[in-house]
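Written below as structure tokens is the structure these notes are about.
For the numbers below, each heavy atom of this structure counts, side chains included, while hydrogens, waters and symmetry mates do not. Residue numbers run from 1 in the order of the sequence given.
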Amino acid sequence: MDPKLKEELIDDLDRFVRRKEFYGRVGKAWKRGYLLYGPPGTGKSSLIAALANYLKFDMYDLELTHLRSNSELRRLLVSTANRSILVIEDIDCSIELKDREFGGGNPNDSQMRTKSNKFSMQVISHCDFILIKLSFLQLTLSGLLNFIDGLWSSCGDERIIVFTTNYKDKLDPALLRPGRMDMHIHMSYCTPGGFKILASNYLGIKTRFFDEIKASIREVEVTPAEIAEELMKSEDTNTVLGGLVAFLKNKKKMDCNAGVNVEEAKEVNEQEK
């Protein structure tokens with residue numbers, strides 16, 4: 001993680017935990033929301049664990065796919081303790097949140113859903129009332145918004161809500177505004193500064209310079225998880241660093257070949273047109 005961003009996050013956390021009287025005075029629920037977004041392998045889950053360790057908070061990993069309705073989400077929230085972190089990972093793909101009008105998140109599909117809902121009602125109109133009731137059990141976007149900053153969110157104090165996603169642009173803007181996700185943290189590919197920290201943690205090296213490795217990291221999109229895996233392949237430092245250099249060179253070559261293939265495909269498509 002970028003050292004400057006890390007410092008900003010720690011300052012934000014410290015400010016949050018010491019402002020109980022402030023939240024009470026302004027009439028806001030004592031909670032804070034963080035959105036962690038970026039490619040897979042960039043340390044989103046590891047950062048959440050680090051937050052819990054730093055604050056000494058309990059952590060709840062919420063699996064939305066196991067919830068059938070807003071009521072279940074509300075009961076789950078009420079059952080969590082104060083001084084806790086509520087985590088929903090991969091929020092963009094963990095469940096298809098239903099909107100308030102059509103029962104779906106994509107407005108382009110509203111006509112299709114309307115027809116589907118009419119058909120469903122015709123099918124179950126001759127069934128038991130229990131089946132009709134079950135058809136309306138669903139977790140909605142409105143329910144999730146209430147979970148974040150509605151009346152439900154006032155149940156309890158000193159809570160942190162964390163969403164993670166690989167694709168921030170897929171999320172409904174209503175989920176992202178301040179008061180819901182207060183701080184957006186981009187977890188990027190590995191940087192030279194990030195590699196320096198990894199080398200210190202995994203190899204215990206703090207004074208050596210890795211000009212070739214740092215230059216390669218600037219040119220290649222490589223995740224901290226990939227770097228960490230390479231640093232664990234041997235107990236001999238020279239062997240590890242040599243393997244990492246070879247890995248980065250190979251990855252750069254593969255990326256270049258992939259780029260050439262994309263350009264060739266574009267040319268073929270243009271010629272066909």
- request: Could you walk me through whether Val222 and Phe247 pass side chain to side chain contact (heavy atoms under 4.5 Å, CB included), step by step?
  value: CA-CA 10 Å; Val222 58; Phe247 169 79; 3.9 Å; yes
task: Kindly indicate, with the supporting measurements, whether the criterion side chain to side chain contact (heavy atoms under 4.5 Å, CB included) is fulfilled by Leu13 and Val17.
output: CA-CA 6 Å; Leu13 292 170; Val17 297; 5.7 Å; no
- request: Report the C-alpha separation of Lys214 and Asp211 in whole Å, then their side-chain angles, then the decisive distance to 0.1 Å, and conclude whether the salt bridge (charged side-chain N to carboxylate O under 4.0 Å, His left out) test is met.
  value: CA-CA 5 Å; Lys214 291 180 178 179; Asp211 294 336; 5.6 Å; no
message: Using salt bridge (charged side-chain N to carboxylate O under 4.0 Å, His left out), reason through Lys4 and Glu7 one step at a time and then give a plain yes or no.
response: CA-CA 5 Å; Lys4 183 178 179 181; Glu7 183 179 353; over 6 Å; no
task: Show your working on side chain to side chain contact (heavy atoms under 4.5 Å, CB included) between Leu241 and Leu203 and close with a plain yes or no.
output: CA-CA 10 Å; Leu241 295 179; Leu203 303 178; 3.9 Å; yes
message: Using the rule given for side chain to side chain contact (heavy atoms under 4.5 Å, CB included), can you reason through Leu73 versus Asn146, listing the C-alpha separation, both sets of side-chain angles and the distance that settles it, and then say yes or no?
response: CA-CA 10 Å; Leu73 181 61; Asn146 270 312; over 6 Å; no
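His184 places no side-chain N or O within 3.5 Å of a backbone atom of Tyr37 that could act as its donor or acceptor partner. Listed for the Arg83 side chain is a donor-acceptor partner under 3.5 Å among the backbone atoms of Leu55. The main-chain N or O of Ala81 is found under 3.5 Å from a side-chain atom of Tyr60 such that the two form a donor-acceptor pair. Distance alone, capped at 3.5 Å, places no donor-acceptor pair between the Asn250 side chain and the Ala246 backbone. Between the side chain of Ser216 and the backbone N or O of Glu212, at least one donor-acceptor pair lies under 3.5 Å. No side-chain donor-acceptor contact under 3.5 Å links Lys44 to the backbone of Met187. The backbone N or O of Phe57 sits nowhere less than 3.5 Å from a side-chain atom of Ser84 that would complete a donor-acceptor pair. Counting only distance, with no hydrogens or angles, the side chain of Lys56 and the backbone of Asn53 share a donor-acceptor pair below 3.5 Å. Asp92 contributes no side-chain N or O that, together with a main-chain N or O of Leu171, makes up a donor-acceptor pair within less than 3.5 Å.
Rounding to the nearest 0.5 Å places CG of Leu144 at 4.5 Å from CZ of Phe163. In this structure, CZ in Arg218 is found 11.5 Å from CZ in Phe195, a value given to the nearest 0.5 Å. The line from CD1 of Ile205 to CG of Leu231 is 9.0 Å long, rounded to the nearest 0.5 Å. Note: Ile85 CD1 to Ile160 CD1 = 5.0 Å, rounded to the nearest 0.5 Å. Residue Glu230 holds its CD atom at 8.5 Å from CD of Glu226, rounded to the nearest 0.5 Å. For the atom pair CD1 of Ile10 and CZ of Arg15, the computed distance is 12.5 Å after rounding to the nearest 0.5 Å.
Between Asp2 and Thr191 there is no side-chain heavy-atom pair separated by less than 4.5 Å. Side-chain atoms of Glu8 and Leu5, non-hydrogen and from C-beta on, do get closer than 4.5 Å to each other. Leu175 places none of its side-chain heavy atoms less than 4.5 Å from the side chain of Met181. Side-chain atoms of Thr42 and Pro224, non-hydrogen and from C-beta on, do get closer than 4.5 Å to each other. Within the 4.5 Å cutoff, no side-chain heavy atoms of Tyr34 are placed close to those of Leu47. By the 4.5 Å heavy-atom criterion applied to side chains, Leu77 and Leu86 are counted as neighbours. Put simply, the side chain of Asp149 does not reach to within 4.5 Å of the side chain of Ile161, judged on heavy atoms. Looking at heavy atoms from C-beta onward, Asn70 lies in side-chain contact with Leu139 at the 4.5 angstrom threshold.
Between the side chains of Tyr54 and Asp14, a donor-acceptor pair is found at a separation under 3.5 Å.
In Glu219, the CD atom is crowded: over 12 heavy atoms of neighbouring residues, nucleotides or ligands sit closer than 6.0 Å. When the shell of 6.0 Å around NZ of Lys252 is examined, it contains 12 or fewer heavy atoms from other residues, nucleotides or ligands. With a 6.0 Å radius and a threshold of 12 heavy atoms from other residues, nucleotides or ligands, Lys168 has its NZ atom above the threshold.
Salt bridge status for Arg180 with Asp172: absent, with no side-chain N to carboxylate O gap under 4.0 Å.
The shortest non-hydrogen separation linking Cys190 to Leu198 is SG-CD1, 4.2 Å. Nearest approach of Ile197 to Pro3, heavy atoms of both residues: CD1-CG, 4.3 Å.
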Just list the side-chain donor-acceptor pairs under 3.5 Å for residues 23-31, sequence neighbours left out, or say none.
residue, atom, partner, partner atom, Å
Trp30, NE1, Phe16, O, 3.0
Lys31, NZ, Ile148, O, 3.2
Lys31, NZ, Gly179, O, 2.9

